[in-house]
Amino acid sequence: MSKTDKEPLFSGKNIKLLSTPLNDENPITVQVLGICSALAVTAMLEPAVVLAVAVIVVMGAANVIISLLRNTIPSRIRIIVQLVVIASLVILVDQVLKAFFYDVSRQLSVFVGLIITNCIIMGRLEAFALGNKPWPSFLDGVGNAAGYGWILIVVGFFRELLGSGNLWGYPVMETLGVYNFGYEDNGFMILPPMALITVGVIIWVQRSRNRKLIESQ
Amino acid sequence: MEELTSIFVRSVFIDNMVFAYFLGMCSYLAVSRTVSTANGLGIAVVFVLGFTVPVNYLIENYFLSEGALAWLGPGFANIDLSFLSFILFIAVIASMVQLVEMIVEKFAPALYSSLGIFLPLIAVNCAILGGSLFMQEREYANIAQASAFGLGSGAGFYLAIVGIAAIREKIKYSNVPGPLRGLGITFIVTGLMGIAFMSFMGIAL
């Protein structure tokens with residue numbers, strides 16, 4: 001830990017590691033990683049939040065472990081070592097979910113297991129943790145997982161609100177009384193394809209506000 | 001036989017990996033710029049899914065699930081190792097990918113050179129692990145059904161990725177609004193394709 005003494009824990013550079021993945025280098029909308037599990041669990045807010053937290057835990061821990069091992073892993077077998085570390089962490093998360101949040105764990109079904117092949121985790125391990133010290137790696141992991149998480153939560157928020165009129169199972173629309181004015185839930189929002197279109201719209205909004213992200217033709 | 005066909009058709013059209021479960025999205029978005037590369041990746045995924053799902057089916061039913069070790073003797077009858085399934089499945093997938101790569105290199109060098117980098121990358125394609133996990137969750141009755149499911153899911157992925165690649169090749173010539181260019185429009189088109197695929201949902205097999 002003597003190395004970190006030279007640099008304060010939350011120096012500008014470290015804060016940047018945490019904050020750029022939230023917007024400019026968002027894993028989902030800019031780096032296009034980890035979309036697989038992102039969309040399927042967002043029909044409601046609760047599983048989306050749970051998955052986001054699970055990914056933050058796994059990614060922070062995996063980045064620290066790989067970063068600690070980075071000088072001992074032979075580069076030829078690094079992918080297998082990374083997969084084993086991630087898979088063990090995911091088993092832990094899965095067992096905790098099964099023990100304490102059984103209903104959510106049923107809802108998430110295979111998508112907890114699919115955190116293993118979530119390309120953000122693998123990508124950050126390869127690109128960052130293998131070449132950096134544990135503390136910056138931890139911040140990078142948490143930052144990227146949070147960037148992934150907030151997209152998940154935004155998508156889950158709109159799909160549950162517009163699709164079933166609830167938020168976290170609480171009937172918001174009914175409480176507001178909008179049904180009396182002829183408002184109806186759009187059942188379409190719950191169906192899988194609308195998750196893609198919602199993410200497409202988020203990308204649209206983000207890139208209109210942040211013009212440097214626009215792709216050239 | 002009828003049942004096998006039904007499982008195959010279901011997994012191609014109704015429970016399509018990409019449109020119904022969003023699995024394999026990363027490679028689906030990254031490798032769909034041109035039809036020829038999409039074609040290569042699609043074939044590789046069909047291969048690997050067709051191999052790994054039956055192998056993982058055997059592992060699940062003879063090692064992992066509760067009572068599966070009974071063939072070793074009565075003392076093993078109530079061991080439940082299913083918590084190990086993630087780590088074993090991913091190990092099988094990683095080694096299968098390696099094996100498929102070597103087989104293809106030996107016997108079909110032309111296909112090998114056209115697949116190139118995509119074969120090793122398949123190890124971290126969520127559709128592959130997803131296939132094994134869905135196989136575990138749905139509890140297929142025998143290995144033939146599991147193989148039909150594996151091949152069907154692969155074929156569904158192939159269909160999806162070649163379709164989107166063809167659309168993206170055409171979209172290049174249209175004037176898409178700046179912020180939607182590239183990624184955004186691909187998401188929206190995939191959503192629309194998913195809606196089209198939903199019309200298969202009512203079909204009972």
Side-chain angles (χ1 to χ4, degrees), chain A residues 28-30 32-42 79-80 82-84 86-88 90-92 94-95 98 109-123 188 191-211 213-217, chain B residues 16-30 83-91 93-95 120-121 123-137 172 175-198 201:
Chain A
I28 293 187
T29 59
V30 182
V32 208
L33 294 175
I35 313 216
C36 328
S37 54
L39 302 173
V41 300
T42 50
I79 301 227
I80 295 182
Q82 289 162 4
L83 278 177
V84 170
I86 301 171
S88 323
V90 170
I91 290 177
L92 281 180
D94 185 45
Q95 298 289 322
K98 275 193 182 137
S109 83
V110 301
F111 291 96
V112 180
L114 287 175
I115 298 177
I116 300 174
T117 47
N118 194 322
C119 1
I120 313 176
I121 304 191
M122 203 67 171
F188 214 46
L191 299 171
M194 286 313 287
L196 287 163
I197 294 181
T198 315
V199 174
V201 173
I202 291 178
I203 292 174
W204 191 0
V205 172
Q206 191 195 13
R207 292 191 180 180
S208 327
R209 293 170 57 94
N210 198 343
R211 294 228 149 235
L213 294 176
I214 293 178
E215 290 173 42
S216 57
Q217 195 72 332
Chain B
N16 187 290
M17 277 286 178
V18 175
F19 298 127
Y21 298 106
F22 312 110
L23 296 178
M25 267 300 188
C26 314
S27 34
Y28 169 87
L29 291 170
F83 66 92
L84 283 177
S85 54
F86 292 160
I87 214 161
L88 270 182
F89 284 178
I90 197 76
I93 288 168
S95 39
L121 275 185
V124 284
N125 186 328
C126 350
I128 310 287
L129 183 63
S132 290
L133 293 175
F134 274 124
M135 174 276 296
Q136 187 187 29
E137 198 178 84
K172 262 189 230 149
N175 188 14
V176 180
L180 267 179
R181 226 175 271 154
L183 191 56
I185 196 74
T186 311
F187 266 105
I188 290 177
V189 168
T190 309
L192 295 177
M193 284 170 80
I195 293 174
F197 264 69
M198 271 168 46
M201 255 185 353

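To find a chain, count down the sequence lines: A is the first, B the second, and so on, and within it residues start at 1.
Both the backbone and the side chain of B/I195 come within less than 4.5 Å of a heavy atom in chain A. There is no contact between A/I202 and chain B, counting heavy-atom distances below 4.5 Å. Residue contact with chain A, scored on non-hydrogen atoms closer than 4.5 Å, involves the backbone and the side chain of B/F134 alike.
Screening A/I197, A/V201, A/V199, A/T198 for a side-chain contact (heavy atoms from CB on, under 4.5 Å) involving B/F187 leaves a single residue, A/V199.
Considering CZ of A/R207 and CG of B/L180, their distance stands at 9.0 Å, rounded to 0.5 Å. The distance from atom CD1 of A/I203 to atom CD1 of B/I188, rounded to the nearest 0.5 Å, is 8.0 Å. Here A/S88 contributes atom OG and B/L84 contributes atom CG; the two are 10.0 Å apart, rounded to the nearest 0.5 Å. Between A/W204 atom CH2 and B/R181 atom CZ the span is 13.0 Å, to the nearest 0.5 Å. Rounding to the nearest 0.5 angstrom, the gap separating the CG atom in A/L196 from the CE atom in B/M193 is 10.5 Å.
When the candidates B/I93, B/L129, B/L192 are compared by the number of heavy-atom contacts under 4.5 Å with chain A, B/L129 comes out ahead.
Residues B/G194 and A/P193 share a closest heavy-atom pair of C-CG, 3.6 Å.
Partners of A/I91 by side-chain contact (heavy atoms from CB on, under 4.5 Å), not counting sequence neighbours, listed by chain and number: A/Q95, B/F86, B/I87.
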